[in-house]
Protein chains: 4
Amino acid sequence: MRADARRNRERIIDAALGLFAERGPGAAMEEIARAAGLGVGTLYRHFPDRRALVEEIAVGALQDLRAEVRALEALDVPRGQVLERLVAYCAGQPFALIKALAEEDAAPAERRELQAEVDGLLEDLARRAQGEGTVRRDIAPREVVELFSTVVCRPGARADDALARVVLDGLRRDPAPRSP
Amino acid sequence: MRADARRNRERIIDAALGLFAERGPGAAMEEIARAAGLGVGTLYRHFPDRRALVEEIAVGALQDLRAEVRALEALDVPRGQVLERLVAYCAGQPFALIKALAEEDAAPAERRELQAEVDGLLEDLARRAQGEGTVRRDIAPREVVELFSTVVCRPGARADDALARVVLDGLRRDPAPRSP
Amino acid sequence: MRADARRNRERIIDAALGLFAERGPGAAMEEIARAAGLGVGTLYRHFPDRRALVEEIAVGALQDLRAEVRALEALDVPRGQVLERLVAYCAGQPFALIKALAEEDAAPAERRELQAEVDGLLEDLARRAQGEGTVRRDIAPREVVELFSTVVCRPGARADDALARVVLDGLRRDPAPRSP
Amino acid sequence: MRADARRNRERIIDAALGLFAERGPGAAMEEIARAAGLGVGTLYRHFPDRRALVEEIAVGALQDLRAEVRALEALDVPRGQVLERLVAYCAGQPFALIKALAEEDAAPAERRELQAEVDGLLEDLARRAQGEGTVRRDIAPREVVELFSTVVCRPGARADDALARVVLDGLRRDPAPRSP
DNA sequence: TATGAATGAGAATTCATTCAT
DNA sequence: AATGAATGAATTCTCATTCAT
């Protein structure tokens, strides 16, 4: 029964992601439950309210991203390529949707902390890449992270679309001299 | 009386933009009317339903943007700087908000056509800039427009923030040679 | 239209009192609205939530009671009879119901103050009656008020039922000597 | 096993009384089960539905009261003091709560009969006390019982609070002559 | 037999829209 | 033409009860 419950929990999250993607972040709880093949009551047993469900999705995505960042560091990928790899990873995740969902309410402490942690990891990455010379130095690490986030949180973002290419490329080089 | 009506229409749109900005795209019709100093009935006299109001805002913004593009062309601004100027213009407009509003429902014909027209103007611009050599050639004009849109439709976008700088900068030059 | 709205407000309160009496304090808002011949929306326009409706009823009853106490004082009814008159007045009001309703949530400031004021008036009354010798002196004024409230807040309370008679009678005389 | 079951049954009833007292008669079945250290399923094994649980509590209290009345009669307590003793007994029981619970639904036959029996016992008591002259005769035995019930079914009722004193005192003596 | 997960009917509340004044 | 009252469908959430394990 524990296994069953876990399965249902997964189903709910999947159904929610599906419906949010299809119908926007306003998808009704009832519909999510139905899409998961469950009654509303079951949904509410797993997530005490709408926020809790959204939160689970947001926090889950952040945790996965954190794991990914750590894995890349552990693999000793050359610093200059880590950002590319992360963009590629994120392109496979529904970050645009998750961002929209997360903006609905103020972030609770847990999410804020996790976000800060992930941002910290990414800033470190940016800082070290700047040290190595693989990311230009006139952009603050914090801004690099913001750029990364913009690149990655777009509906239909792909790792090799124009924005990703221009930004990753742009980060790698010193700024062009301003045209006169 | 006609003047009165026009004034009311303006007030409603202003109030709507204000409330949408403040409270998100979910702001209630009643509140918008109140913020405009009118009753709901009057709001509905001007806009038969919520969509019509949103539509007016979206279409208005596109028309303004079209006018701006044309004005810049008429002014004979050096092609290489037009994009910068447009980004600067857009940074002063609530495009992030408008994009969010516009995504709520499928775009009706009028908006689709206007959007296509503006996109066309911007693509022409990109194409000519590529001809002049002020925009790199390995990015399709359509993609340049998409880039532009991403840069410009962010909450709090500024003409000189990191994304704007990196993208405008990146567009100007040929791609960096891939690191070996 | 203002007249209409006022009428509707009255109807809602009447319907609510009726349904609360019939079905207990759990009567559904939808049913109350229907019983008033209105849609739920209208009910909610008049009372922003369930509490507000209950509060209106409770506060209204307290205000009426305060008016009654004052009227009796103004009429210069002999002090010894005022309590009887008040019991008679209250017997005609649904105080048992109102008490049950009011106990559902903590009293907000307005009601607490009004309650305190009414209690104060009644205590004064008791104190003066004790001064005159028409109410026995070994019961604190506050307790007299509590007694009054118990007599009056019973379902089906009547001004001449056994409890009312025994209590009013008991209040009038000095305590019986305890049987040995 | 039977002993276990009995213990669980007791625990449920205790938990229910506790929660009803704490949170009002709306306490949820799930919470009651938890408070009893059991799962809902077990609660429902003992009591087929909410009513059955409430009924058990109400009937139990009536049975205890009946036992108390009989015990007092068997002890040959002077009639004039039996009412006092009963009030004292009841003050220790949650009769106010039980009354509120019992009013939620119509009483089923079993409870009605038991109630009638207890009322009968109390009426007999009243009648005999009137015969002895320890209770005044102008109040019908049925009304005496009603009085008793009102005294005893108040939240926080105590055997020596104002109402109890005034009523018990009032019952003992002939009515005061009406003031002229 | 005990457990707690699942169910769904029901309740409160919101808000776009209509309509009487 | 302007107003704001009325409407009711849609939504979130709760809780008694059932049932699989």
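Every chain is numbered from 1, with letters handed out A, B, ... down the list of sequences. In what follows, every heavy atom counts, from backbone to side chain, and hydrogens, waters and symmetry copies are set aside.
Between the D/R112 side chain and the D/A107 main chain, a donor and an acceptor come within less than 3.5 Å of each other.
Between C/H46 atom NE2 and F/dT7 atom C1' there is a gap of 12 Å when expressed in whole angstrom units. Across the protein-nucleic acid pair, B/E31 atom CD and E/dT14 atom P stand 12 Å apart, rounded to whole Å. Atom CG of A/L43 is separated from atom C1' of F/dC15 by 16 Å (rounded to the nearest Å). For the pair A/R9 CZ and E/dG4 C1', the computed distance is 16 Å after rounding to whole Å. The CG atom of C/D4 sits 14 Å away from the C1' atom of F/dT3 (whole-angstrom rounding).
For the pair A/E30 and B/R50, both in contact range of DNA chain E, the more 5′-proximal nearest nucleotide belongs to A/E30.
Residue D/A28 has its side chain nearest to F/dA16 when only F/dA16, E/dA12, E/dA5 are considered. Among the nucleotides E/dA12, F/dC13, F/dT7, the one closest to the side chain of C/T42 is F/dT7. The side chain of B/Y44 lies closest to E/dT18 when the candidates are E/dT18, F/dT12, E/dC15. When the nucleotides E/dA2, F/dT17, E/dT13 are ranked by their closest atom to the side chain of D/M29, F/dT17 comes out on top. Considering only the side chain of D/V40, E/dG4 comes nearest among F/dA9, E/dG4, E/dA9.
A/R51 comes within 4.0 angstrom of nothing in the nucleic acid, heavy atoms only. Within 4.0 Å (heavy atoms only), C/R34 reaches sugar-phosphate atoms of the nucleic acid but no base atom.
Searching all strands for a Watson-Crick or G-U wobble partner of E/dA9 with both distances below 3.5 Å returns F/dT14. E/dC19 and F/dG4 make up a base pair, with Watson-Crick or G-U wobble contacts both under 3.5 Å.
At E/dA2, one or more side-chain N or O atoms of D/R45 fall inside 4.0 Å of OP1 or OP2 (strictly under the cut-off).
Around atom CD of D/E110, no more than 12 heavy atoms belonging to other residues, nucleotides or ligands sit under 6.0 Å away.
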